[in-house]
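Atom set for the values below is all heavy atoms of this structure, side chains included, hydrogens, waters and symmetry mates excluded. Letters A, B, ... mirror the listed sequences (proteins, then strands); counts begin at 1.
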Number of protein chains: 2
Amino acid sequence: MSKKERQQLLLQIIADNPFVTDRELTRQLKVSIQTIRLDRMELGIPELRERMKQMAEHSYDQVRSLPPDEVVGDIVDLQLDKSGISIFEIREEHVFSRNGIARGHYVFAQANSLAVAVINDEIALTASADIRFVRMVRLGEKCISKAYVRSLAGRRGKAEVDVFTYVGEEMVFQGHFVVYRSAAEEYSEGGSRSADRH
Amino acid sequence: MSKKERQQLLLQIIADNPFVTDRELTRQLKVSIQTIRLDRMELGIPELRERMKQMAEHSYDQVRSLPPDEVVGDIVDLQLDKSGISIFEIREEHVFSRNGIARGHYVFAQANSLAVAVINDEIALTASADIRFVRMVRLGEKCISKAYVRSLAGRRGKAEVDVFTYVGEEMVFQGHFVVYRSAAEEYSEGGSRSADRH
DNA sequence: TCATAATTTAGAACCTGGTACTAATATGTA
DNA sequence: TACATATTAGTACCAGGTTCTAAATTATGA
């Protein structure tokens with residue numbers, strides 16, 4: 001096997017198992033550990049620990065913004081059964097890498113989370129929604145969602161919530177949500193009142 | 001500061017910066033490195049490298065199933081401008097840990113991705129949607145989405161797409177999407193024809 | 001064919017961020 | 001005062017490397 005072939009194979013192996021040590025690589029490629037290390041140097045592949053660190057940092061950044069808990073976006077104001085405001089910054093993880101436009105479901109998720117959070121019941125579940133993406137949202141933009149409870153039917157009933165999301169002065173999204181309350185685990189989209197932050 | 005207080009503080013510090021070394025902790029807590037290590041032992045906190053490894057492994061698992069590309073769900077059938085089918089399995093990362101119910105935006109994202117993918121244009125962007133979560137989706141369930149193009153207005157116009165998502169025989173979600181075509185970067189929700197996997 | 005260059009292997013010293021263990025030294029507390 | 005608890009100190013060792021020097025092997029070209 002030529003040097004080039006070996007290095008291609010090495011790239012391949014590390015690509016689909018980044019947790020492999022140099023020692024394991026010597027076994028798979030049948031060359032000395034020094035050769036492995038020279039190859040890594042030439043290919044600019046960092047050592048195992050550095051690779052793990054980078055993955056951990058990357059995921060840590062993601063975890064801070066991806067939904068690790070019930071709510072997408074930081075709720076900064078909440079008047080139960082009345083209104084609420086949340087802020088969500090569009091970051092690298094939320095956009096199409098090709099054009100830097102936010103994936104719609106993140107914009108949707110922020111609004112949906114807020115609509116559920118604003119309802120003052122043990123269990124609140126989204127039943128349906130009518131949504132409109134008014135304009136695209138770009139990387140780095142800060143989305144401010146405002147939710148208003150429009151109607152509250154009796155116990156175990158429906159609530160209607162309107163959510164508007166803005167970037168600065170511009171409205172980028174609007175949605176009308178119908179949320180079931182207290183009807184524990186009867187309809188889709190869970191989320192209880194204990195959901196406040198991650 | 002008592003031992004208990006210090007250990008609480010240590011938990012706190014590591015919680016909001018898991019990348020801290022023992023050496024850095026001695027500076028922040030003003031105790032010897034041995035004390036730090038005894039505290040970590042008692043609290044069951046692994047060493048920095050082990051913490052990073054765990055985070056890396058966790059993120060690696062996630063990355064394999066979370067949307068690293070444009071499409072959520074595996075598209076298994078696609079007749080451009082006509083219909084499409086995608087499969088998406090609800091996994092640990094997609095549910096509320098509390099009750100094992102899928103977060104709505106994943107169900108939405110699968111349908112939305114498919115609605116955009118089925119349109120045969122360079123650029124397709126969701127403009128609005130009318131959606132209904134018919135029943136909740138649970139951990140482990142396989143969601144099969146079927147999209148049907150209902151109307152195609154002339155060049156640079158709108159298309160209407162209906163999407164139904166099933167678990168087995170049961171419909172769990174339905175949505176009516178209005179998608180803008182070719183109007184490059186004019187409305188929200190990007191997604192080009194190159195989106196086919198992940 | 002022989003010299004030179006590229007490639008591969010070997011080995012030693014050193015590094016970080018620890019673990020494991022022993023032992024000494026505070027600091028309470030009954 | 002005596003004993004227990006908590007804290008600090010120090011040494012040996014480990015994984016998974018880097019860095020460096022040097023030897024051995026394998027092309028390659030003239």
Rounded to whole angstroms, how far apart are [atom1] on [X] and [atom2] on [N]?
X     : N      : atom1 : atom2 : value
B/E50 : D/dC14 : CD    : P     : 19 Å
B/Q7  : D/dT5  : CD    : C1'   : 13 Å
A/K4  : C/dT7  : NZ    : P     : 11 Å
B/L48 : C/dT19 : CG    : C1'   : 14 Å
A/R49 : C/dG18 : CZ    : C1'   : 9 Å
B/K3  : D/dT8  : NZ    : C1'   : 14 Å
B/K53 : C/dT16 : NZ    : P     : 22 Å
A/I14 : D/dG17 : CD1   : C1'   : 13 Å

Q) By ring pair (Phe, Tyr, Trp, His ring centres under 6.0 Å), which residues pair with B/F19, not counting sequence neighbours? A) A/Y60
Q) Below 4.5 Å, heavy atoms only, C-beta onward: do B/T165 and B/M171 meet side chain to side chain? A) no
Q. Considering only heavy atoms from C-beta outward, does the side chain of B/L9 approach that of B/L29 to under 4.5 Å?
A. yes
Q. Residues two or more places apart in sequence or in another chain: which of them pass side-chain hydrogen bond (donor to acceptor under 3.5 Å, both in side chains) with A/R150?
A. A/D162
(Q) For B/V161 and B/V118: C-alpha separation, side-chain torsions, deciding distance, then whether side-chain contact (heavy atoms from CB on, under 4.5 Å) applies. (A) CA-CA 9 Å; B/V161 183; B/V118 81; 4.1 Å; yes
Q) Looking only at heavy atoms, what is the nearest atom pair of B/P46 and B/R51, with distance? A) O-NH1, 2.8 Å
Q: For A/R51, report the nucleic acid contact type (base, sugar-phosphate, nothing); a contact means any heavy atom under 4.0 Å.
A: nothing
Q.
Among residues 28-45 of chain B, which ones have heavy-atom contacts with DNA chain D below 4.0 Å?
A. B/V31, B/S32, B/Q34, B/T35, B/L38
Q. Just by distance, with hydrogens left out, do B/D74 and B/S86 show a side-chain donor and acceptor under 3.5 Å apart?
A. no
Q | Non-neighbouring partners of A/R37 that pass salt bridge (Lys or Arg N to Asp or Glu O under 4.0 Å), sequence neighbours left out | A | A/D22
Q.
Below 30° counts as parallel, above 60° as perpendicular, anything between as tilted: where do the rings of B/F133 and B/F173 land?
A. perpendicular
What N/O pairs connect the protein and nucleotides 23-25 of chain D at under 3.5 Å? Give each pair on its own line.
none

List every contact pair, protein side and nucleotides 25-30 of chain C side both N or O, where the distance is under 3.5 Å.
none

(Q) For a quick test of reading the model: is some side-chain N or O of B/R6 closer than 4.0 Å to OP1 or OP2 of D/dT7? (A) yes
Q: Can you establish whether the number of heavy atoms outside A/E50 located under 6.0 Å from its atom CD is more than 12?
A: yes
Q: Identify whether the distance between the nearest side-chain nitrogen and carboxylate oxygen of A/E170 and A/R135 falls below 4.0 Å.
A: yes
